[in-house]
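Counting starts at 1 for both ligands and their atoms, in listed order. The first residue in the sequence is number 1, and the count goes up from there.
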Amino acid sequence: MEIKLEDLKVLYSQKQLHTKIKEVAKDLNELYNGEEIIAVCVLKGAIVFATDLVRELNMPLKMEFIRLSSYGSSTTTSGKVNAVDIALPDLNGKNVLIIEDIVDTGLTAKFLVDFINMNFHVKTLKFCALLDKKITRKVDIEPDYYCFEVDNKFVVGYGLDYDGYYRNLPYIGYKE
Ligand code: 5GP
């Protein structure tokens, strides 16, 4: 499948995204109630969402970045998660919030949750995704927080790419 900019339809506009992100941030501010957190942004896809989300969070916060990949240049997951860079500081005793772009099969989310639980005794671990593609789930995992559910379409924009492109679109788009 090739995706051209002129073929894209808007699924969620910039305004809808910002409104929803503020709502999710409000829930997170209530959950943590001023306690310090480590926000772990999963590169590259979650970068745009994470930078908007953290600016709505009001607790002491450190950001960490890890890089995983599962898609290559196609529009379907390879089914294998590659840890490109998963260097993390000591997370023992910390409130850890994973920030991801989309949970699709759930393999990446499960890999990450298992990785953190195997390597650290965190105080709390929460998973926040911009999008939840529940219908394509292959493993039993749900994000604790998400902004929007999407059905089985390949979406781009707002951090999500097609072959590296379209991450800079301010909306979530799809090709019909
Ligand atoms: P999972 O491991 O849950 O199958 O896939 C997670 C990763 O696949 C996401 O972090 C994202 O990078 C990529 N992905 C899954 N669905 C889509 C989609 O609809 N569009 C784009 N651009 N990437 C997707």
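Of the polar atoms of Gly106, at least one N or O is found under 3.5 Å from an N or O of ligand 1, judged by distance alone.
Heavy atoms of Gly45 stay at 4.0 angstrom or farther from ligand 1.
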Return all side-chain donor-acceptor pairs below 3.5 angstrom for residues 165-172, not counting sequence neighbours, or 'none' if the list is empty.
residue	atom	partner	partner atom	Å
Tyr166	OH	Ile3	O	2.8
Tyr166	OH	Leu5	N	3.2
Arg167	NH1	Gly159	O	2.9

For residues 30-42, please give each side-chain donor-acceptor pair under 3.5 Å, one per line with the distance, not counting sequence neighbours.
residue	atom	partner	partner atom	Å
Glu30	OE2	Lys26	NZ	3.4
Glu35	OE1	Asn95	ND2	2.8
Glu35	OE1	Lys123	NZ	2.9

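Here atom 1 (P) of ligand 1 lies nearest to Thr105 when heavy atoms of Leu68, Val103, Thr105 are compared. With atom 3 (O) of ligand 1 as the reference point, the heavy atom nearest to it among Leu43, Asp104, Val42 is part of Asp104.
Side-chain contact check for Asp52 versus Tyr158: some heavy-atom pair is nearer than 4.5 Å. Annotation: side chain of Tyr146 is not in contact with side chain of Leu131 (no heavy-atom distance under 4.5 Å). Between Leu17 and Leu130, some side-chain heavy-atom pair lies under the 4.5 Å cut-off. Ile99 has its side chain within reach of Val54: a pair of non-hydrogen atoms, C-beta onward, lies under 4.5 Å apart.
Of all the heavy atoms in Glu2 and Lys175, the pair that sits closest is O-NZ, 2.7 Å.
Proximity to Lys133 (heavy-atom distance under 4.0 Å) selects the following atoms of ligand 1: 16 (N), 17 (C), 18 (C), 19 (O). Atoms of ligand 1 found under 4.0 Å from any heavy atom of Lys153, numbered from 1 in the order shown, are 19 (O). Atoms of ligand 1 found under 4.0 Å from any heavy atom of Asp161, numbered from 1 in the order shown, are 21 (C), 22 (N). Taking every non-hydrogen atom of Glu100 and a distance limit under 4.0 Å, the qualifying atoms of ligand 1 come out as 10 (O). When each atom of ligand 1 is checked for a heavy atom of Thr108 under 4.0 Å away, the hits are 1 (P), 2 (O), 5 (O), 6 (C).
If you look at Val155 next to ligand 1, the close heavy atoms, those under 4.0 Å, come from the backbone and the side chain alike. At a heavy-atom distance under 4.0 Å, no atom of Lys138 approaches ligand 1.
A salt bridge links Arg137 to Asp132: one of the charged nitrogens lies within less than 4.0 Å of a carboxylate oxygen.
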